[in-house]
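Each residue takes its place number in the sequence, starting with 1. What you are looking at is a predicted structure, and each value in this text was computed from that prediction instead of being measured.
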Amino acid sequence: MSYAPPRSSKMTTKPGISFITFTSSLRARRLLGAGLAAYLALHLGACSDDAATESADPSASGAAGERAEDTSPAGNDAGGGGAGGQAAVAVGPIAVLTRVCSPETCQHYLNAFDELPDDAQIDRTLGAESGNTQGVVFGNAAYIFDRDDNSVTRWTIDDDSKLQAGATVSFQAAGVTDACAICNAFGDATHAYMVDSGGGVIVTWNPTTMEIVAVQDLPEDILTRNGLPAGFAWPKVVAGRAYMAASWMDYDTNEVYGSAAVATFDATVDEPEVSVIEDDRCGVSSSVTPFADEAGNVYVVGDWSSGLAQIGTATPAPNPACLLRINAGDAKFDPDYYVDLLEAAGARALYGGYGMAGGTQMLLNYWPVGDEPPTAAAIAADPYAYFAFNGFRYAVLDLATRTTVEVSAIPPAGAGNNTPLALDGVNLIQVYPEGNMSREVGADLFAISPEGDATKGLAAGPNADFEMIGRLR
């Protein structure tokens with residue numbers, strides 16, 4: 001089925017990718033301070049032994065040290081883990097990609113650290129500058145995706161904590177129209193996949209040799225639904241298989257195809273067959289990365305365009321945001337598994353969600369039921385009035401008990417970047433205290449524990465935010 005919110009030309013996103021991720025307006029984040037470093041050290045001790053065991057398993061590591069079962073977008077090394085879900089061992093240097101924006105443009109800076117800096121500051125003069133980029137940490141390298149020239153460059157960090165630029169692979173001749181990091185899935189040391197629904201291609205490339213392995217057309221029957229173009233993003237690789245949030249929408253009319261869905265394929269072969277699994281019990285998987293539990297079950301969220309279609313449109317979505325499950329080894333959603341995320345959180349709309357290490361909990365970012373939704377008049381005046389709300393809350397949802405614990409240390413805040421961030425198995429979120437993606441103040445960075453505790457790491461400062469953080473291994 002299709003769902004059509006009011007027409008508007010204000011949306012600045014690519015199809016299938018979150019509005020907040022792709023907008024060029026300012027947010028802010030910097031790097032993590034001493035308080036967050038202490039928090040990470042405290043909360044990693046209990047899981048270090050399990051994580052070391054998983055990392056040492058040769059079936060989970062490639063020749064270059066990449067772990068096929070623990071990959072996710074934007075350099076995150078948590079977010080529900082892989083089939084094991086344990087937090088990673090805190091060894092190896094840390095790479096950080098930050099963005100500094102003016103109203104006209106943004107520049108990105110890649111910095112390297114042995115450990116988090118004690119003064120919680122980033123000296124961008126020591127970083128490598130780039131333009132319209134995104135990044136992922138995978139194995140022993142940081143990969144910087146240039147969305148203007150459709151290429152990826154491999155960066156490493158030497159023993160003196162100096163960044164070293166390596167080889168670059170270009171996707172221009174392969175028909176890729178947008179080489180975005182969150183459209184790329186890393187499978188193993190020799191297999192990565194640029195999935196470009198806009199260009200209609202999937203490009204297999206080798207992240208060790210930085211060479212293209214194969215170029216295939218995506219199946220025609222997954223590129224459209226009811227005449228709406230597809231968007232595939234937010235990859236998660238579980239037990240050697242990639243899962244990407246799949247949605248179909250028209251950003252000129254805001255019409256969406258009302259099903260939760262994932263695109264999936266074997267992430268260990270040169271020429272994978274891409275298929276789609278979908279379910280209409282909730283709609284539009286656009287802003288939440290799939291995640292897995294320790295048994296290898298994969299969880300998918302239908303978030304209704306970050307909640308915009310839930311309460312931010314003249315004709316509300318027909319059902320609530322929900323969590324669905326694909327059981328390990330299956331190629332369909334479990335018909336008996338369903339979590340109404342709005343009921344669980346006491347919410348009117350789900351803005352974002354993040355799997356937590358182990359895959360037994362979720363961190364939810366939502367519009368509380370106690371706050372009134374946008375009025376019809378407000379929506380008529382601005383179809384994106386929903387995103388101006390300054391009262392989004394966080395809560396940790398236990399998937400077994402269906403109960404939540406509010407992250408009370410974080411005050412109500414405005415809409416922010418949906419890109420999941422994590423370091424050493426700890427979820428990191430950015431909170432925008434001055435409202436909707438403030439240009440002047442920016443975000444505060446918090447580490448979130450499974451118990452719902454929040455430790456503030458840093459106020460990002462004006463005109464800057466995080467694009468990526470990850471530990472090279």
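Listed for the Ser259 side chain is no donor-acceptor partner under 3.5 Å among the backbone atoms of Ala261. Between the Asp146 side chain and the Thr133 main chain, no donor and acceptor come within less than 3.5 Å of each other.
Here salt bridge (charged side-chain N to carboxylate O under 4.0 Å, His left out) pairs that include residues 261-276, with residues two or more places apart or in two chains, number zero. Residue pairs meeting the salt bridge (charged side-chain N to carboxylate O under 4.0 Å, His left out) criterion with at least one member in residues 326-341, sequence neighbours excluded, are Arg325-Asp334, Asp330-Lys332. Sorted by first and then second residue, the ring-ring contact (aromatic ring centres under 6.0 Å, His included) pairs involving residues 209-228 (not counting sequence neighbours) form an empty list.
Partner of Met356 under the side chain to side chain contact (heavy atoms under 4.5 Å, CB included) criterion, out of Leu363, Val426, Leu397: Leu363 alone. Results of the side chain to side chain contact (heavy atoms under 4.5 Å, CB included) test with Leu323 over Val300, Val339, Leu350 single out Val339 as the only residue that passes.
With respect to Arg402 and Glu343, no salt bridge is recorded, no charged nitrogen being found less than 4.0 Å from a carboxylate O.
With no hydrogens or angles considered, no side-chain donor-acceptor pair links Thr208 and Thr190 at under 3.5 Å. With no hydrogens or angles considered, no side-chain donor-acceptor pair links Ser170 and Ser151 at under 3.5 Å. Judged by distance alone, the side chains of Tyr299 and Asp293 do bring a donor and an acceptor atom under 3.5 Å apart. A donor-acceptor pair shorter than 3.5 Å cannot be found between the side chains of Thr403 and Asp398. Gln164 and Asp158 share a donor-acceptor pair across their side chains, judged by distance under 3.5 Å alone. A side-chain donor from one of Tyr143 and Arg154 sits under 3.5 Å from a side-chain acceptor of the other. With no hydrogens or angles considered, a side-chain donor-acceptor pair links Ser286 and Asp303 at under 3.5 Å.
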Verdict with supporting geometry, Asn140 and Arg473, side chain to side chain contact (heavy atoms under 4.5 Å, CB included): CA-CA 5 Å; Asn140 61 2; Arg473 300 183 179 89; over 6 Å; no

Test log, rule side chain to side chain contact (heavy atoms under 4.5 Å, CB included), inputs Asn319 and Arg281: CA-CA 7 Å; Asn319 48 42; Arg281 283 178 288 175; 5.8 Å; no

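Note: Phe186 and Trp205 have perpendicular aromatic rings, judged against thresholds of 30 and 60 degrees for the angle between ring planes. Ring planes of Trp248 and Tyr257: perpendicular class, angle over 60° (limits at 30 and 60°).
Aromatic ring centres of Phe291 and Trp234 lie farther apart than the 6.0 Å criterion allows. No close placement of the Phe392 and Tyr366 rings is indicated, their centers lying 6.0 Å or farther apart.
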